[in-house]
Amino acid sequence: MPIIKSAKKRVKVAKKAAIRNHKTKRSLKEAIKLFQKDASSKKSHSKAQSEIAKAAKKRVIHKNKAARMQKKLAQNAKSAAAPKKVVAKKPSVKKPVAKKKPTPKKTK
């Protein structure tokens with residue numbers, strides 16, 4: 001345990017901040033998991049985006065990481081909303097290749 005008064009205070013402040021950060025991270029993870037269950041829902045998407053922005057604003061996660069996470073969520077939402085196309089592959093048929101005739105050598 002710290003002996004100095006300011007160090008004791010720092011321990012208390014750090015403990016409060018850790019609890020606050022943990023709550024923010026927990027709500028962020030819950031929102032993302034909810035979105036992953038139902039990616040087509042706009043409500044869960046906006047909630048997840050909001051939680052990511054809050055975490056970045058509070059500096060729980062880095063702003064660039066938040067941007068990457070939001071981009072990934074948007075991509076997932078877009079792909080979930082788009083109808084999936086089924087494309088039948090054409091059978092590949094190899095055509096016979098004609099052999100090249102050797103050219104006669106020219107002599108001087």
Side-chain angles (χ1 to χ4, degrees):
M1 280 299 293
I3 299 169
I4 300 169
K5 187 177 180 180
S6 62
K8 288 179 184 178
K9 184 178 178 184
R10 288 305 309 155
V11 169
K12 288 179 185 177
V13 171
K15 197 174 196 178
K16 284 182 185 178
I19 293 168
R20 191 169 50 242
N21 291 343
H22 182 72
K23 285 181 182 178
T24 305
K25 283 183 185 180
R26 188 75 249 150
S27 63
L28 172 66
K29 287 179 186 178
E30 286 174 5
I32 290 173
K33 284 181 184 178
L34 181 69
F35 171 74
Q36 289 173 345
K37 277 186 180 178
D38 186 26
S40 60
S41 171
K42 287 191 175 188
K43 188 175 182 181
S44 64
H45 179 250
S46 64
K47 174 75 173 165
Q49 293 277 26
S50 173
E51 289 297 329
I52 291 170
K54 284 179 189 175
K57 188 176 180 182
K58 294 179 181 181
R59 296 185 180 178
V60 174
I61 60 173
H62 195 271
K63 63 179 182 175
N64 291 353
K65 181 176 182 175
R68 282 195 313 270
M69 291 171 80
Q70 287 178 330
K71 180 180 178 182
K72 192 73 171 173
L73 286 179
Q75 287 175 345
N76 291 345
K78 187 176 181 182
S79 67
K84 298 191 179 189
K85 295 180 182 178
V86 178
V87 179
K89 287 188 175 182
K90 293 180 182 178
S92 60
V93 178
K94 292 186 178 181
K95 296 180 181 178
V97 179
K99 293 183 179 179
K100 289 185 178 180
K101 294 180 181 178
T103 56
K105 294 184 180 180
K106 293 182 182 179
T107 57
K108 286 188 180 181

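Note that the numbering runs from 1 along the sequence shown for the chain.
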Under 3.5 Å, sequence neighbours excluded: what are the donor-acceptor pairs made by side chains of residues 28-38?
unit_1: Asp38; atom_1: OD1; unit_2: Ser40; atom_2: OG; d: 3.2

Give the intermediate values and the outcome of side chain to side chain contact (heavy atoms under 4.5 Å, CB included) for residues Lys71 and Gln75. CA-CA 6 Å; Lys71 180 180 178 182; Gln75 287 175 345; 3.6 Å; yes

With side chain to side chain contact (heavy atoms under 4.5 Å, CB included) as the test, would you mind laying out the steps for Ile61 and Met69 before giving the verdict? CA-CA 10 Å; Ile61 60 173; Met69 291 171 80; 4.0 Å; yes

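Taking each heavy atom of Pro2 and Lys8 in turn, the nearest pair found is O-CE, 3.4 Å. The shortest non-hydrogen separation linking His45 to Ala77 is CD2-CB, 3.9 Å. In terms of heavy-atom proximity, Glu51 sits nearest to Ser27 at OE1-OG, 3.0 Å.
Annotation: the span from Arg10 atom CZ to Lys15 atom NZ amounts to 14.5 Å, rounded to 0.5 Å.
More than 12 heavy atoms of other shown residues, nucleotides or ligands fall within 6.0 angstrom of atom CZ in Arg26.
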